[in-house]
Peer 1: 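This is the structure I have questions about; it appears just below.
Note that ligands are numbered from 1 as they come in the structure, with each ligand's atoms numbered from 1 the same way.
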Amino acid sequence: MTDFLSRGSYPQTRLRRLRRAPWIRDLVTEHRLTASDLIWPLFVLDGQGRSEPVTSLPGVSRLSIDRLLEEVSKAVDMGIRLIALFPVTPPDLKTPDGDEALNGNNLICRATQAIRQRFGDKIGVMCDVALDPYTSHGQDGLVRDGYVVNDETVAVLCQQAVVQAQAGADMIAPSDMMDGRIGAIRQQLDAHGFQQVLIMSYAAKYASAYYGPFRDAVGSKSSLGSGDKKTYQMQPSASDEAMHEVALDLAEGADIVMVKPGMPYLDIVSRVKREFHVPTAVYQVSGEYAMLAAAAQNGWLDLRACVLESLLAFKRAGADMILTYYALQAAQWLSE
Ligand code: PBG
């Protein structure tokens with residue numbers, strides 16, 4: 001640790017000199033936020049010309065593919081480099097084993113193809129690997145005797161990843177927290193000729209209460225009922241265990257590791273970056289978005305200032321990239 005006091009102290013040292021005017025503050029700025037740091041999660045809906053607001057995510061709508069393309073076009077124009085897609089699966093297509101996840105013509109595959117076709121390499125498309133948007137019970141994997149089974153789930157996740165890669169996904173993001181899935185998915189992608197498809201692993205994903213609005217958005221909350229995901233997502237009290245998860249995912253071939261949620265877990269973001277020195281992502285999750293949006297709606301917080309501050313804080317903690325529902329809005333603010 002640097003010995004700050006050996007450099008001199010007051011009155012020789014006055015740190016406020018470095019803060020006196022915008023020009024000097026800009027010169028000594030340590031961390032900057034740009035549109036290219038942001039990843040925009042979007043919810044895809046069946047049908048045509050549809051845009052359905054998510055009540056618990058004010059300002060976020062679920063979009064049919066035609067509407068989705070309009071939003072992606074804005075993201076491209078604003079310099080956002082990657083979008084993350086989540087499906088709103090029609091209830092009649094949800095089954096205990098989530099078979100719709102393996103349908104090469106499902107919502108996610110059609111959306112991915114449409115974006116690929118229209119935008120090429122102007123923006124990346126990331127697809128989530130997990131079964132919760134497709135299962136009637138809302139769990140991320142297959143349930144046998146009341147338990148989300150690991151290895152059988154991993155086999156299905158591998159097929160899901162391949163189906164998404166076949167549709168044109170640039171990046172696969174396993175969010176399920178099964179053991180060993182990164183290595184298995186990497187192997188299957190490679191076996192199908194998808195060596196160039198990246199994997200962003202939800203490596204340190206906590207069993208968090210901040211995911212509520214997301215589950216409203218994809219309609220998995222009612223399916224999940226009183227169930228929880230504590231047998232596979234991490235306990236909020238864990239810190240060393242997060243390093244262990246990250247180490248395993250890197251050893252299995254993850255290109256980018258993610259910490260989720262974001263703001264309550266900045267210490268984890270910081271540790272991951274300092275201990276592994278690899279591309280690190282953080283997810284400002286739906287509950288974090290909702291808190292800021294609700295306070296701003298009540299006139300209690302300045303939305304723009306608080307959102308940009310929260311995103312900058314992720315960069316300071318060590319994140320290279322940030323998933324946030326505010327991505328387009330923040331990119332617009334940054335360009336003003
Ligand atoms: C599902 C998944 C979740 C999120 C991303 N992928 C929810 C969950 O694990 O229940 C949460 C995102 C958010 O809250 O914004 N595998």
Peer 1: Numbering the atoms of ligand 1 from 1, which are under 4.0 Å from a heavy atom of Y283?
Peer 2: 12 (C), 15 (O)
Peer 1: About how many Å separate OG of S239 and NE2 of H244, when rounded to the nearest 0.5 Å?
Peer 2: 14.0 Å
Peer 1: Would you mind checking which non-hydrogen protein atom is closest to atom 9 (O) of ligand 1, with the distance to 0.1 Å?
Peer 2: K205 NZ, 2.7 Å
Peer 1: So which bit of Y289 gets within less than 4.0 Å of ligand 1, heavy atoms only: side chain, backbone, both or neither?
Peer 2: neither
Peer 1: Does ligand 1 have a heavy atom under 4.0 Å from the side chain of V285, from its backbone, from both, or from neither?
Peer 2: both
Peer 1: Look at the side chain of R316 and the backbone N and O of R32, then say whether any donor-acceptor pair between them is shorter than 3.5 Å.
Peer 2: no
Peer 1: Hey, does Q233 sit under 4.0 Å from ligand 1 if you only count heavy atoms?
Peer 2: yes
Peer 1: How far is atom 1 (C) of ligand 1 from its nearest protein heavy atom, and which residue and atom name does that atom have?
Peer 2: D132 OD2, 2.8 Å
Peer 1: What protein heavy atom is closest to atom 16 (N) of ligand 1, reported as residue, atom name and distance in Å?
Peer 2: S175 OG, 2.7 Å
Peer 1: Please state which protein non-hydrogen atom is closest to atom 5 (C) of ligand 1 and give its distance, to 0.1 Å?
Peer 2: K260 NZ, 2.7 Å
Peer 1: Could you tell me, atom by atom, which parts of ligand 1 come under 4.0 Å of a heavy atom of Y325?
Peer 2: 12 (C), 13 (C), 15 (O)
Peer 1: Once you round to the nearest 0.5 Å, how far does CD1 of I322 lie from CG of D37?
Peer 2: 5.5 Å
Peer 1: Could you go through S310 and E288, starting from their C-alpha distance and side-chain angles, then the distance that decides it, and tell me whether this counts as side chain to side chain donor-acceptor pair (under 3.5 Å)?
Peer 2: CA-CA 10 Å; S310 69; E288 298 175 68; over 6 Å; no
Peer 1: State the atoms of ligand 1, each with its element, that fall below the 4.0 Å cut-off from a heavy-atom position in R215.
Peer 2: 8 (C), 10 (O)
Peer 1: Give a yes or no on whether the backbone of I182 and the side-chain of E252 come within a donor-acceptor separation of less than 3.5 Å.
Peer 2: yes
Peer 1: Could you give the side-chain donor-acceptor pairs of residues 163-171 under 3.5 Å, partners two or more places apart or in another chain?
Peer 2:
from, atom 1, to, atom 2, distance (Å)
Q164, NE2, D128, O, 3.0
D170, OD1, R116, NH1, 3.2
D170, OD2, R116, NH1, 2.4
D170, OD2, V125, N, 2.8

Peer 1: Taking heavy atoms and a distance under 4.0 Å, where does A130 meet ligand 1: side chain, backbone, both or neither?
Peer 2: side chain
Peer 1: Does the N or O separation between D176 and ligand 1 drop below 3.5 Å for any pair?
Peer 2: no
Peer 1: Could you check whether the rings of Y325 and Y289 sit parallel, tilted or perpendicular, using 30° and 60° as the cut-offs?
Peer 2: perpendicular
Peer 1: Give the residue, atom name and distance (to 0.1 Å) of the protein heavy atom nearest atom 8 (C) of ligand 1.
Peer 2: K229 NZ, 3.3 Å
Peer 1: Return yes if some donor-acceptor pair links the side-chain N/O of H31 with the main-chain N/O of A313 below 3.5 Å, else return no.
Peer 2: no
Peer 1: How would you list, by chain and number, every residue that makes a salt bridge (charged side-chain N to carboxylate O under 4.0 Å, His left out) with D190, sequence neighbours excluded?
Peer 2: R186
Peer 1: What residue and atom, counting heavy atoms only, is the protein's closest point to atom 14 (O) of ligand 1, and at what distance?
Peer 2: S286 OG, 2.7 Å
